[in-house]
Every structure is written in C-alpha cells, then in structure tokens.
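Order of the sequence lines fixes the chain letters, A, B, ..., with proteins taken first and strands second; residue numbering starts at 1 for each chain.
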Number of protein chains: 2
Amino acid sequence: MAYRETEKMRQRKAEARKRIVNCTYQCVAEGGFRSARVTRIAGLAGVATGTIYRHFESREDLFAEIFRLATQREVDKVAEALASAGNGAERLERALRQFAERALKGPQMAWSLIAEPVDPKVEEERLAYRKAYANLFEKAIREGIEEGCIPDQDARQSSTCLVGAIAESLVGPLSPTQTSQGNSATQDNNDPLVNSIIRFCMQGLTGTRR
Amino acid sequence: MAYRETEKMRQRKAEARKRIVNCTYQCVAEGGFRSARVTRIAGLAGVATGTIYRHFESREDLFAEIFRLATQREVDKVAEALASAGNGAERLERALRQFAERALKGPQMAWSLIAEPVDPKVEEERLAYRKAYANLFEKAIREGIEEGCIPDQDARQSSTCLVGAIAESLVGPLSPTQTSQGNSATQDNNDPLVNSIIRFCMQGLTGTRR
DNA sequence: GTAAATAGTGAATCATTATTCATTCTTTGT
DNA sequence: ACAAAGAATGAATAATGATTCACTATTTAC
C-alpha cells in the first residue's frame, strides 16, 4: 500500500526511453553502430549508463531496435512509392529510385543499414529488412505480371536480385571511406548513378531495352 | 660472424607459415572468421601462439591474407570461365554459374567471403574482391558489346549489379542458420536457384527474354 | 666448442567496454 | 510524515582473447 506505477511515471519513463532511442539514432547516424558507445548515448540522453539497461536488455537489443526503426522509415517510403499510380513497372521504377536517392541523401545511416558489419541480433534485423524490401518488390512484380507490363518470371527470385543489385551499387558510393558528405545536393531524377542502376534493374525485370 | 639466415631456415620458416595459413583456412572454412581463435590456429599448426606473430602483424592481417587467398581461387575460376570459348554473353553466363555453384558447394567459406561481418582490414579485402569480379565482368560485357551480342550500356554499372544480384541471391541460402550442409550434391546446371539468378542477370544484361 | 644471432615459446598482460549492483533518490498511498 | 516500492545512479567489475616479451632453444660461422 505505497508506491504503484502511475500514469505520470509511465509517461516519464516513456520519455526517457524515447530520448535514449533518439540519441542512439543520432550516434549511429553520425558514426555507425560500431562506434556508438553506451556511455556516450547515456550522456547525450541525460541519464546514467545503468538506466539504459532498465529500458533495454543489452546494447545489441538497443541497436536492434534502432535498426528496426530506421529501417521501417525506409521500407515505408518504398511501400508508398509502390502504392502510387501507374502500372507495376512504373511503380517499381519509382520505388527503386526512392530507395537509392534516400540512401544517397543520408549516406552514413544508409551504409550502416546496408553494409556496416554488425552483431548477430542486428544482422538478423538486416536480413528481415532486406526481406521486407524483397517482399514489397515481389508483390509489385506479380501485379506487373498480371497486368502484362512485366513478363512472367520467378517474382521472388527477381525481387532478391533487385535488392542485391541496388544495394551493391550503393555500397561503394556510400562507404564512409568514399563519402565526402557533399552528395546531399542530389537533384531528383538526375543522378546518373541512380539512372543506370535503374536501367539495369528494369531491364532485368522486363527484358526490354529503353 | 655467427648466425645468418640460410636457405634451410628460410624454407623451414616458409613451411611454418604455410602451415599457419592452411590451418587458419581450415578454421575459417569450418566456422567463419569470427570464431577462429588465434590459440586454436596455433595449436592446429603445431606452433606457439607467439609464433603466429612472427609471421603476421596481427590476427586481422592473418585473416586478410586468408581472405585474399580464398578469394583468389574463386576469382581465378570465374576468370577461367570467362576465358572459355563462345561470345561474351555465353561466357558471362558460364562465369555466373561457376560463381554460384562453387559458392553453394562450400557454403561456410562462401558465406564468410560474401556476407560474414568482418573487421575493417578484411572488409577492405572484401571490397577489393567484389571489385575484382566486377572488373572481370565489365571486361566481358565490353567484349560482348563489341561483338554485338550485348546491347550498349554502362558496363561498369552493369557489372556491379551482376555482383550484387548474385551475392544477394546467395546470402539467404548460404547463411549458416539456413544451411544444413547437404547441398554438396548440387548437380551441375540443375539447381533451379542458380538458373533463375542467371536468367535475371542475363536479361538485365541483354534485355532479351529467353 | 663457442659465441653471436635469430627463432620459438606461452604464461602473463593489456585493453576495451558492456554490464552489474549496492546504494541513493523519488514517488506514492495512507 | 512515513514506509513501501520502484527508479536511477555510476563506479567497480567482468569477460574475453589478442598481443606481448622475457626467456629458452636452435642455428650458424669460426
């Protein structure tokens, strides 16, 4: 008959958690997972190191959550592009462009999501993330096949190839040793890198030169 | 006027070094880089831990060398396939098949080379390795373009996409959590996975359905 | 055989951070 | 105001394995 968790407390805790998440996100966006120290995160969030562990089982779990979060944003954007107007092929093209352009705009985070060496739990999230893209693409490919704008093919396999082709094409340009920041001025639709990635992908999909 | 390195000694050292390399290779082929312990390697090679360090600056350097070695074998095989008879498109197809089939035959090593999280120096080797493939493919694509069996395109970009598409397609099947060993009986030319990867790739290249 | 030089050894050290937990501080209900 | 419960703290700990280095053994040249 004394202390019982009250709404106020619940909120305060939720805020602290959110702060931790945000600061971790920031650290990762700055220097990737590997260099994000629990101590620094705690410092930024204005809590003690130990407090992190009242909210997350472990550093890895925290990272996994951050990965999921960052990932979800990207996947949502691609899903959005795929939900727009037009036939399957057109929508896929828009989605691929979205993916690539967003990555080039936030290169450090994109690199961390796509290629940074990470611990097993986070790597698992990465597999899920790639699968999520592949699933989205797969659906669109199937639709394209039904509509007749994409020839019949193993939609699952093709979607995996799309993910691989685009990710690989980005690894070089994104890798921290290469990146000198300045790519943020990327004009939409104009990056020749993005254009040639997309050409290959669409050709692989449709078997049609353009 | 006493000891001077003699041929006999040079050989003995070379042998020890080779033994270390071989044992490391074996460890990696069994459990990947991450789980390969310097102590165990030394034990297998029949030398003291410290001896490793008379031959290699650090564990990372040792690993980098093993990576280079393993990689060279694979790259050579692909180069060989690309040097065979036929037009560019045919040779590329053979090369892609070679790549995929060999990977499926030695899944743990292939996974380590393609997707295992590794330290920076080794990651650098991985970038070089992927670039080596891309270079080979690029050359073949250019030849194909000249021969007229592949339409004009950005050969460099296409080669990168090829590497990505094939690597991504293999990550799932290769990943240690998925692999239950048994794929070694892969009959040549018959694995449907390999076939559909290749179909996508060749289509992306030639813009021609088959 | 001897001394100089190098090679080999492996137990002890080191370095790095994530994680813990005894303690202090806050909140709550009476 | 008090006690019960929980939350927060952060200095101390722990765990892990790579790396070192003082020492021993071996090789060579004379």
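Distance CE (B/M9) to C1' (D/dA29): 15 Å, rounded to an integer number of Å. Atom C1' of nucleotide C/dA5 and atom CD of B/E5 are separated by 12 Å, given to the nearest angstrom. Rounded to whole angstrom, the span from the NE2 atom of A/H55 across to the C1' atom of D/dA7 amounts to 9 Å. Atom CZ of A/R10 and atom C1' of D/dG6 are 13 Å apart (whole Å). Between the CG atom of B/D119 and the P atom of D/dT16 there is a distance of 18 Å, given to the nearest Å. For A/I52 and C/dT20, the CD1 to P distance is 13 Å, given to the nearest whole Å. The separation between B/L62 atom CG and D/dG17 atom P is 17 Å, rounded to whole Å. Put simply, CD on A/E15 is 12 Å from P on D/dA8, counting in whole angstrom units.
Projected onto DNA chain D by closest heavy-atom contact, B/E7 and B/E57 fall at different nucleotides, the more 5' of which corresponds to B/E57. Checking A/R12 against B/E60, the closest nucleotide of DNA chain D that is more toward the 5' end is the one next to A/R12.
Between A/P120 and B/R34 the shortest side-chain heavy-atom distance falls below 4.5 Å.
For an aromatic pair to be called close, the ring centres must be under 6.0 Å apart, and B/Y129 with B/Y133 satisfies this.
Taking the ring axis of B/F67 as reference, the NZ or CZ atom of B/R73 does not stay both within 45° of it and closer than 6.0 Å to the ring centre.
Residue B/S84 comes nearest to B/R91 through the heavy atom pair O-CD, 2.9 Å, listed as atom of the first residue, atom of the second, then distance.
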Letter by letter from the 5' end, nucleotides 11-18 of chain C scores (B base, S sugar-phosphate only, - none; protein heavy atoms under 4.0 Å) ------SS

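A donor-acceptor contact under 3.5 angstrom links the side chains of A/Q72 and A/D76, judged on distance only.
Remark: A/D191 CG to A/K105 NZ distance equals 10.5 Å, nearest 0.5 Å.
Remark: A/K8 is not in phosphate contact with C/dT26, judged by side-chain N or O atoms under 4.0 Å from OP1 or OP2.
The one candidate from A/L136, A/L82, A/V78 that meets the side chain to side chain contact (heavy atoms under 4.5 Å, CB included) condition with A/L92 is A/L82.
Base contact: B/R54 has a heavy atom under 4.0 Å from a base atom.
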